[in-house]
*Asks:* 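The structure is given below, and queries will be raised subsequently.
Labels below follow one simple rule: chain letters A, B, ... track the order of the sequence lines, proteins then strands, and each chain is numbered from 1.
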Amino acid sequence: MPEGPQMVFLKEQAEQFVGQTVLLAEGSAKHVPNNRLQGQVLTEIKTYGKEFLFCFSSFAICIHLMLFGKYAINSRLDRELRLGLEFETGEINFYACDCRLIEKELSEVYDWSTDVMSTLFDKAKALEKLHTKPERQISDAILDQSILAGVGNGIKNEVLYRRQIHPESMVGAIPEVELLKLVNECVKLSFEYLTWIREGTAKQHWQVYQKKECPRDFIPLQKGKTGKQLRSSYYCDRCQRLFLPDVL
DNA sequence: CGTACTGTTCGGGA
DNA sequence: GTCCCGAACAGTAC
């Protein structure tokens with residue numbers, strides 16, 4: 001489940017290679033010429049939302065695990081290698097992921113004020129952007145990576161449940177205070193999620209995502225595709241309030 | 001064995 | 001331009 005917190009966790013795991021030289025680059029990634037990487041010193045690792053960035057002196061490699069991506073540190077998986085980097089003390093290997101070469105300045109490509117895991121995250125800006133499309137369902141809006149980068153479908157379901165907001169609520173009908181609490185919850189849950197990943201207990205902490213029963217009301221959860229994106233939503237009809245515009 | 005799914009990009013058409 | 005839809009990608013679980 002590659003959401004923002006997993007990318008930060010991966011960064012923590014990979015940081016052992018910062019400062020080291022790429023001895024060998026392998027793999028089938030189309031847009032990443034292996035000869036560009038060989039001999040380069042890894043200067044920094046960054047993340048942006050669900051993206052993972054290896055930074056070198058004059059370019060960066062962006063990796064997105066998409067739905068099915070996998071990685072292995074100091075081991076290999078039995079499948080086609082997309083991008084493998086061998087360093088002085090070990091190796092990191094990526095599979096079934098999207099890899100891109102970035103030659104522009106990262107500040108031209110990424111706006112860290114939209115990344116919920118970044119210290120630069122700006123909740124006022126997120127609220128402002130949410131208001132630009134008031135007709136959208138909140139379940140779609142919350143997955144918008146240009147507003148809340150790093151939030152995926154799991155976090156989406158959990159924050160809506162915690163804030164007791166029905167996923168099919170319309171953004172424009174949700175009171176400002178509730179919207180602000182929801183944005184704050186996205187950040188809070190993402191960081192809690194990171195601590196659970198570090199402990200290896202993440203699965204135990206989901207309250208509704210891929211669950212069958214509401215932990216508050218002990219009634220069956222609803223499961224269905226919501227919004228224009230038709231992504232899976234798990235929610236409780238009783239305790240999650242549906243905000244719709246007043247029809248007069 | 002068929003289907004669903006943690007996500008995004010691209011192109012075509014309205 | 002902008003919005004919206006479907007296709008494509010690809011691994012695993014049920």
*Asks:* B/dA4 C1' sits how many Å from A/Tyr234 OH, rounded?
*Replies:* 9 Å
*Asks:* Has A/Arg79 got a side-chain N or O lying under 4.0 Å from the OP1 or OP2 atom of C/dG11?
*Replies:* no
*Asks:* Please report, rounded to the nearest Å, how far the P atom of B/dT8 is from the CG atom of A/Leu65.
*Replies:* 11 Å
*Asks:* Name the orientation class of the two ring planes belonging to A/Tyr48 and A/Trp112 (parallel below 30°, tilted from 30 to 60°, perpendicular beyond 60°).
*Replies:* perpendicular
*Asks:* Start at the 5' end of DNA chain B and walk down; is the nucleotide closest to A/Glu51 or to A/Phe68 reached first?
*Replies:* A/Phe68
*Asks:* To the nearest Å, give me how far apart CG (A/Leu67) and C1' (C/dA8) are.
*Replies:* 12 Å
*Asks:* Report yes or no: do A/Val18 and A/Phe9 belong to one cluster of Ile/Leu/Val/Met/Phe/Trp/Tyr joined by side chain heavy-atom distances under 4.5 Å?
*Replies:* yes
*Asks:* Is A/Lys228 near enough to C/dC4 that one of its side-chain N or O atoms lies under 4.0 angstrom from OP1 or OP2?
*Replies:* yes
*Asks:* Check whether A/Leu53 and A/Val32 end up in the same hydrophobic cluster, where Ile, Leu, Val, Met, Phe, Trp and Tyr are linked by side-chain heavy atoms less than 4.5 Å apart.
*Replies:* no
*Asks:* Determine which nucleotide pairs with C/dA10, using a 3.5 Å limit on both distances of a Watson-Crick or G-U wobble pair.
*Replies:* none
*Asks:* Base, sugar-phosphate or nothing for A/Lys223? Non-hydrogen atoms, less than 4.0 Å.
*Replies:* sugar-phosphate
*Asks:* To the nearest angstrom, how far is A/Arg231 atom CZ from B/dA4 atom C1'?
*Replies:* 12 Å
*Asks:* Select base, sugar-phosphate, or nothing to describe what A/Arg100 touches, counting heavy atoms under 4.0 Å on all strands.
*Replies:* nothing
*Asks:* On the nucleotide B/dT8, are OP1 or OP2 found under 4.0 Å from the side-chain N or O atoms that A/Gln145 carries?
*Replies:* yes
*Asks:* Which label fits A/His205 and A/Trp196: parallel for a plane angle under 30°, tilted from 30 to 60°, or perpendicular past 60°?
*Replies:* parallel
*Asks:* Apply the side-chain contact (heavy atoms from CB on, under 4.5 Å) test between A/Leu130 and each candidate in A/Ile147, A/Ile174, A/Asp144, A/Leu180; give the one that qualifies.
*Replies:* A/Ile147
*Asks:* Is the distance from OP1 or OP2 of C/dG11 to the nearest side-chain N or O of A/Lys70 less than 4.0 Å?
*Replies:* no
*Asks:* In whole angstrom, what separates A/Arg82's CZ from B/dT8's P?
*Replies:* 17 Å
*Asks:* To the nearest Å, how far apart are A/Leu143 CG and B/dT9 P?
*Replies:* 14 Å
*Asks:* Pick the P atom in C/dA7 and in B/dT3, then give their distance to the nearest Å.
*Replies:* 15 Å
*Asks:* Measure CD/A/Glu3 against C1'/B/dT8 and give the value in whole Å, please.
*Replies:* 14 Å
*Asks:* Please report the distance, rounded to the nearest Å, between CZ in A/Arg136 and C1' in C/dC4.
*Replies:* 13 Å
